[in-house]
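Computed from heavy atoms alone, side chains included, the values below leave out hydrogens, waters and symmetry copies. Residue numbers start at 1 and run along the sequence shown.
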Amino acid sequence: MEAFGTMITAINAIVWHPVMLLFLGGAAVWFTLRLKGMQFIRIRDMFVCIGEKGENNRDSGLSAFQAFATTVGGRVGTGNIAGTATAIFMGGPGALFWMWVTALMGASTGMVECILGQAYKTRNLGELTGGPAYYLSRGIRHQWLGKLLAFLFCIAVFIGPGFLLPAMQTQTAATAIQGAFGISYFTVGLFMVCIVGAVVMGGIKRIGQVAERLAPIMCGVFFLITIVITACNITKVPAVFHTIFASAFGKDAIFGGIVGSSISWGMKRGFFSNDAGNGMSPLISATTDTSHPVKQGLVQGLSVYIDTLLICTCSGLSILLAGTYNVAADGAGRTLLVENAPGILYGVPFMQEALTSALGHLGSILLAVMLFIFIYTTLLSYSYQLESTCRFLFGEKKICVTLVRIVFLCFCMFGILVDGEVIWPMGDIGVGCMLWVNTFGCLLLTPVVVKLVKDYEKQRKLGLDPLFDPATVGIDDEEGIWDVYVAKKEARGDYDNEKLNYQKTECTPA
């Protein structure tokens with residue numbers, strides 16, 4: 001196991017080389033500019049689109065809200081609690097600020113990938129399906145490159161949501177439950193596998209039905225917890241915010257020397273937490289019946305905000321206000337710059353101590369239960385991401401889908417067998433591999449996204465409810481997924497509207 005840990009650490013260092021952060025940050029800025037800051041100016045539309053009712057057979061996909069809840073459930077997990085605490089430990093309080101920046105700019109990346117996921121979705125075994133493998137293989141002009149990227153992404157999904165990430169999530173849940181209730185790792189792992197299996201065997205519709213009930217509740221309860229901790233430390237609020245901003249820019253006397261770690265760890269944990277650019281969200285959002293791809297992109301942009309600006313902020317402020325954190329002096333944790341919580345291991349324990357300080361032992365129990373629910377919904381999301389990828393590789397074969405679901409549950413159990421020291425590097429590798437491939441592919445498909453956004457904006461400016469016809473942007477729709485909306489556009493007279501200036505183009509890749 002020691003050799004395995006060494007290997008994982010070495011691979012993680014390669015995947016998450018500092019060049020990765022420059023690449024992701026640069027892509028987020030590029031998408032923000034090309035979409036003209038759409039993640040900022042269309043916030044109202046984000047909320048409106050959540051409630052949209054589709055026109056197609058709802059048995060074949062999710063509603064906009066179900067997809068939103070499922071992706072929020074997938075995003076909100078250990079990254080929001082343990083990940084935020086880790087960022088503070090490695091980079092100081094300023095890391096929280098850089099997580100905010102990552103969310104604000106990264107929302108554009110999240111929007112782009114989900115717009116593409118919707119535009120290139122198809123149908124498999126009677127259900128809507130799609131994601132990076134589909135838009136990479138069908139959308140990139142050089143088909144050999146598109147198919148190569150699609151294959152590499154599929155491998156990354158098997159490494160990430162298929163194997164390494166479920167193990168990380170299960171291990172974290174087992175650690176929290178054992179600390180609060182004294183229940184053994186094996187018992188927690190087995191119970192998690194059973195309740196996850198009971199849902200994933202029912203497919204994406206059942207996953208969406210569970211997520212739409214759990215996601216709003218767990219986010220609301222976690223927000224209330226933060227309010228309680230803030231109320232208990234209300235006099236510290238101004239000082240904490242001053243420390244966050246000062247240390248983010250190296251102006252704080254204590255944290256000035258680790259500003260590089262603050263930026264690095266804030267961005268790293270931000271991208272890990274909100275999933276922007278790694279291709280997980282479009283796998284879910286492609287199952288939604290919506291009238292225009294940009295609508296689902298806006299919904300998923302909002303889910304990035306919910307994940308980081310709300311949930312991660314709740315975690316970070318709770319820890320900083322309660323003062324239950326330490327900060328590494330060297331970016332690695334070998335020596336400490338600040339030691340407010342002697343003997344407390346960074347990660348979930350930081351948040352446990354914060355809740356205990358406000359609510360006593362009840363706080364530790366409450367966090368364990370909340371974390372278990374967070375991880376449960378995350379695993380449900382992971383299961384469909386793996387399943388969707390297998391549908392792309394093996395086509396309409398029910399036996400493959402069933403086998404994949406069983407294998408996924410086995411991977412979940414693997415988490416209780418792995419040393420906690422290598423869990424986070426394992427998760428980082430899974431997310432990192434997906435980020436490299438998918439973000440690069442999205443950059444190549446920027447011209448298609450720009451066309452889709454322009455089409456949406458033209459219809460909005462004319463006071464029309466945006467409807468989508470793939471042929472107007474050169475996308476082939478062999479399955480007729482968008483036919484109902486094409487018919488509505490024709491009945492509305494869109495093709496004769498000179499202001500829309502539609503010219504159906506030949507369906508060629510971008």
Side-chain angles (χ1 to χ4, degrees), residues 54-64 66-67 70-71 74 113-140 143 146-147 149-158 160-162 199-211 279-291 293 296 300 380-409 434 437-438 441 445 468 470 475-486 507 509:
E55 297 290 339
N56 286 309
N57 185 353
R58 300 303 292 273
D59 291 335
S60 66
L62 301 181
S63 68
Q66 285 177 329
T70 303
T71 51
E113 61 182 351
C114 290
I115 290 172
L116 289 170
Q118 268 286 313
Y120 288 93
K121 68 185 177 184
T122 184
R123 202 181 303 275
N124 184 292
L125 294 175
E127 295 181 347
L128 295 175
T129 188
Y134 293 86
Y135 58 70
L136 292 174
S137 61
R138 292 172 54 195
I140 295 176
Q143 293 188 2
K147 290 180 179 179
L149 290 175
F151 179 71
L152 291 175
F153 181 80
C154 290
I155 294 176
V157 171
F158 278 99
V199 175
V200 301
M201 288 301 179
I204 186 60
K205 287 294 292 182
R206 189 179 296 175
I207 291 173
Q209 289 165 358
V210 172
M280 293 187 190
S281 298
L283 288 166
I284 301 296
S285 63
T287 66
T288 307
D289 176 22
T290 188
S291 65
Q296 187 57 208
Q300 297 308 323
L380 295 181
S381 178
Y382 286 167
S383 70
Y384 186 74
Q385 291 162 26
L386 178 62
E387 180 181 321
S388 179
T389 300
C390 289
R391 288 175 185 241
F392 172 81
L393 291 174
F394 305 115
E396 298 188 72
K397 297 179 180 178
K398 290 185 178 180
I399 185 64
C400 290
V401 172
T402 301
L403 288 175
V404 163
R405 292 170 179 173
I406 294 173
V407 170
F408 174 80
L409 296 175
M434 296 172 72
V437 176
N438 184 58
L445 289 168
F468 181 56
I475 295 177
D476 189 15
D477 181 21
E478 294 180 356
E479 297 290 332
I481 303 297
W482 297 96
D483 284 356
V484 64
Y485 299 110
V486 173
C507 298

Contact summary for [X] and [Y], nearest pair of heavy atoms:
X      : Y      : value
Phe408 : Gly162 : CD1-O, 4.3 Å
Met434 : Ala156 : CG-CB, 3.6 Å
Gly139 : Tyr120 : CA-OH, 3.6 Å

Would you check if [X] and [Y] make a side-chain contact, meaning some heavy-atom pair closer than 4.5 Å?
X      : Y      : result
Thr129 : Tyr134 : yes
Ser137 : Phe392 : yes
Pro161 : Met280 : yes
Ile481 : Arg123 : yes
Arg391 : Glu387 : yes
Asp476 : Pro470 : no
Leu128 : Thr288 : no
Phe158 : Cys390 : yes

Between [X] and [Y], does any side-chain donor sit less than 3.5 Å from a side-chain acceptor?
X      : Y      : value
Asp289 : Tyr485 : yes
Tyr135 : Asn438 : yes
Gln118 : Thr290 : no

Pro132: which of Ser281, Cys154, Ser388, Pro282 passes side-chain contact (heavy atoms from CB on, under 4.5 Å):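 Answer to the side-chain contact (heavy atoms from CB on, under 4.5 Å) test with Pro132 among Ser281, Cys154, Ser388, Pro282: Pro282.
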Candidate pair Val200 and Leu380, rule side-chain contact (heavy atoms from CB on, under 4.5 Å), full reasoning: CA-CA 6 Å; Val200 301; Leu380 295 181; 3.9 Å; yes
Non-neighbouring partners of Thr389 that pass side-chain hydrogen bond (donor to acceptor under 3.5 Å, both in side chains), sequence neighbours left out: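 Once residues adjacent in sequence are excluded, Thr389 has no partner under the side-chain hydrogen bond (donor to acceptor under 3.5 Å, both in side chains) criterion.
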Thr122 OG1 to Asp477 CG distance, which is reported to the nearest 0.5 Å: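 Reported to 0.5 Å precision, the distance equals 8.0 Å.
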Spatial distance of atom CZ (Arg405) from atom CG (Leu386) [nearest 0.5 Å]: 11.0 Å
Set of residues satisfying side chain to side chain contact (heavy atoms under 4.5 Å, CB included) with respect to Ile155, sequence neighbours excluded: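 With sequence neighbours excluded, Ile155 shows a side chain to side chain contact (heavy atoms under 4.5 Å, CB included) to Phe151, Ile159, given in chain and number order.
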side-chain hydrogen bond (donor to acceptor under 3.5 Å, both in side chains) partner of Thr71, the single match among Gln300, Gln296, Gln66: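 For Thr71, the side-chain hydrogen bond (donor to acceptor under 3.5 Å, both in side chains) check succeeds only for Gln300.
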Test log, rule side-chain contact (heavy atoms from CB on, under 4.5 Å), inputs Tyr384 and Thr287: CA-CA 10 Å; Tyr384 186 74; Thr287 66; 3.4 Å; yes
